[in-house]
Amino acid sequence: MSASSATVSNDDLHLVDNLESALAAAGSGQKSLDRRKVPAELLGRANNNRLVLYTLIDWLWIVACWVAMSHTPYWTYPLWVVLIAGRIHSFGVILHDATHQSIRQKSWQIRFVEIFAGYPMASTLNAMRYHHIRHHRDSGMSTDPYFKPTVSGRPFIFFLIWLRHILLIPLWMIRGPYGLLAYAIPGMRNSYAKVFLQDKSGKDLTNLPELIDCCKAELGQVIVHAGLFTFTYFQPETAWFHYFLPAFVAALFAGHRVLVEHNYQPVVDRKMETIMKTTVDHNLTWLGQLFFAPRNIGFHIVHHLHPQVALENLPKLRQWYLDNHPELYPAKRQGQGW
């Protein structure tokens, strides 16, 4: 254990391991469908060095767009905004891949990803893991943080919920100082969990070690955002045109992705065939992946079947299911939309 590492969780039963155990226990009602039959070479997990590389590549793209923004006509600005927004959206997916790792210590690579991929889209590893792993474990159930039953078959409601994602970055920036206060003031912890981490358990979470870890983890983001706001005070135009406006667009991209990943049918089990019926593959073309589903996150059915599999392995894993279970795995699925 390195001296530079920091404790992630003190729970004996780690949340990610709990998810894997829940999926394994659910199994399948189809005799031919078995997670254990998938070839091991398709189930490779995320590599921390690769996550660092992905983060650096996206930052290089952003810097290139900033340079281009300064040397091209003003009417090209929308192009650079959506390109930068796509990379900020990608940051969220990179951090998301890190949340699926069974880690109890943050290595320097995980710290790097959290700071340079997480903080720009206003999330810590702890915060994303809290709500996202619960989404996987309880997908389509009443305790699923992302489950929105009012969306199904109602395009206007879909549009309104999607539109409110423009407030996602400001809300998550507020989460930081609120979480620090909640660490010092236990009475604020339940509201922190419900409002900012989308907890639907209905339990008293005041002394939950995982939640306290989330509160403590906000300190780094608060410091970085304080620096950002200081820069914005002195250079408001630069900050707004180079970061804030693209970040708002990135939040809309992310909001659309989250809304189309499932068809919002209530479920009561975690069986593999249930996951296939309620989860949606989407935006698998290069253009869709550039903006709406970066880093292969659109290969979403296999991601829910095998949450710990690295994102770069999902296309081949999907093809294996299509080849071996064509009667169950949807080759095409129409997601929600407007």
Side-chain angles (χ1 to χ4, degrees), residues 3-8 48 51-70 77 80-81 83-96 98-99 106-130 165-185 188 192 195-197 212-254:
S4 62
S5 297
T7 300
V8 173
N48 289 342
L51 294 180
V52 169
L53 177 62
Y54 293 160
T55 303
L56 289 172
I57 290 172
D58 283 339
W59 268 112
L60 286 175
W61 273 104
I62 289 174
V63 170
C65 288
W66 283 343
V67 172
M69 192 184 297
S70 302
Y77 177 72
W80 308 124
V81 167
L83 288 174
I84 294 171
R87 295 310 88 207
I88 296 176
H89 186 191
S90 176
F91 284 155
V93 179
I94 295 169
L95 183 69
H96 149 276
T99 67
K106 290 182 181 178
S107 65
W108 75 263
Q109 295 100 326
I110 293 297
R111 284 291 190 191
F112 183 94
V113 169
E114 184 175 43
I115 293 169
F116 291 99
Y119 293 174
M121 42 80 63
S123 184
T124 64
L125 175 80
N126 303 67
M128 180 174 286
R129 185 175 55 189
Y130 189 99
H165 280 84
I166 200 170
L167 301 175
L168 185 67
I169 299 294
L171 180 68
W172 283 3
M173 285 182 168
I174 294 170
R175 190 198 67 243
Y178 195 98
L180 286 181
L181 286 173
Y183 178 68
I185 307 173
M188 297 177 63
Y192 169 74
V195 174
F196 296 103
L197 303 181
I212 296 172
D213 283 347
C214 288
C215 295
K216 289 192 292 186
E218 300 289 2
L219 178 61
Q221 178 169 282
V222 168
I223 292 172
V224 170
H225 286 169
L228 172 64
F229 294 141
T230 301
F231 177 82
T232 303
Y233 178 80
F234 290 104
Q235 297 287 337
E237 184 174 316
T238 301
W240 275 97
F241 282 97
H242 287 71
Y243 170 70
F244 283 107
L245 290 179
F248 290 151
V249 176
L252 291 175
F253 285 164

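Because the structure is a prediction, the values reported are computed rather than measured.
- When all heavy atoms are compared, the tightest approach of L168 to A251 is CB-CB, 4.0 Å.
- Counting all heavy atoms, side chain and backbone alike, A127 lies closest to C214 at N-SG, 4.2 Å.
- A distance of 10.0 Å separates CD1 of I169 from CG of L252, quoted to the nearest 0.5 Å.
- Residues P177 and V222 come closest through the heavy atom pair N-CG2, 3.5 Å.
- Of the inter-residue distances, the one linking T99 atom OG1 with E114 atom CD reads 11.5 Å to the nearest 0.5 angstrom.
- Residue pairs that meet the salt bridge (Lys or Arg N to Asp or Glu O under 4.0 Å) test with at least one member in residues 217-232, sequence neighbours left out, are R175-E218.
- Between N48 and I110, the shortest heavy-atom contact is OD1-CD1, 3.5 Å.
- When side chains are defined from C-beta on, F244 counts as touching T232, because their heavy atoms get closer than 4.5 Å.
- Taking CD1 of I84 as the start and CE of M69 as the end, the distance is 3.5 Å to the nearest 0.5 Å.
- At distances below 3.5 Å, not a single donor-acceptor pair connects side-chain atoms of Y192 with backbone N or O atoms of L197.
- Between M121 and F91, the shortest heavy-atom distance links the atoms CG-CB, 4.1 Å.
- Closest approach of A250 to A85, counting heavy atoms only: CB-O, 3.3 Å.
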- request: For the pair I174 and F196, evaluate side-chain contact (heavy atoms from CB on, under 4.5 Å) and give the outcome as yes or no after the intermediate values.
  value: CA-CA 9 Å; I174 294 170; F196 296 103; 4.0 Å; yes
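- Inter-residue side-chain proximity for Y178 and V195 is flagged as unmet; no heavy-atom pair is nearer than 4.5 Å.
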Side-chain donor/acceptor pairs under 3.5 Å, residues 52-67, sequence neighbours excluded:
residue : atom : partner : partner atom : Å
Y54     : OH   : E312    : OE1          : 3.2
T55     : OG1  : L51     : O            : 2.9
D58     : OD1  : R87     : NH1          : 3.0
D58     : OD1  : R295    : NH2          : 3.1
D58     : OD2  : S90     : OG           : 2.6
D58     : OD2  : R295    : NH2          : 3.4
W59     : NE1  : F116    : O            : 2.8
W66     : NE1  : H242    : O            : 3.0

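- Taken to the nearest 0.5 Å, the OH atom of Y243 stands 8.5 Å off from the CZ atom of F248.
- A donor-acceptor pair under 3.5 Å links the side-chain atoms of H225 to the main chain of Y119, judged by distance alone.
- The CH2 atom of W80 sits 10.5 Å away from the OG atom of S70 when rounded to the nearest 0.5 Å.
- Proximity of Y130 to N126: side-chain heavy atoms (C-beta onward) are nowhere separated by under 4.5 Å.
- Taking CD1 of I185 as the reference point, atom CG of L180 lies at 11.0 Å (rounded to 0.5 Å).
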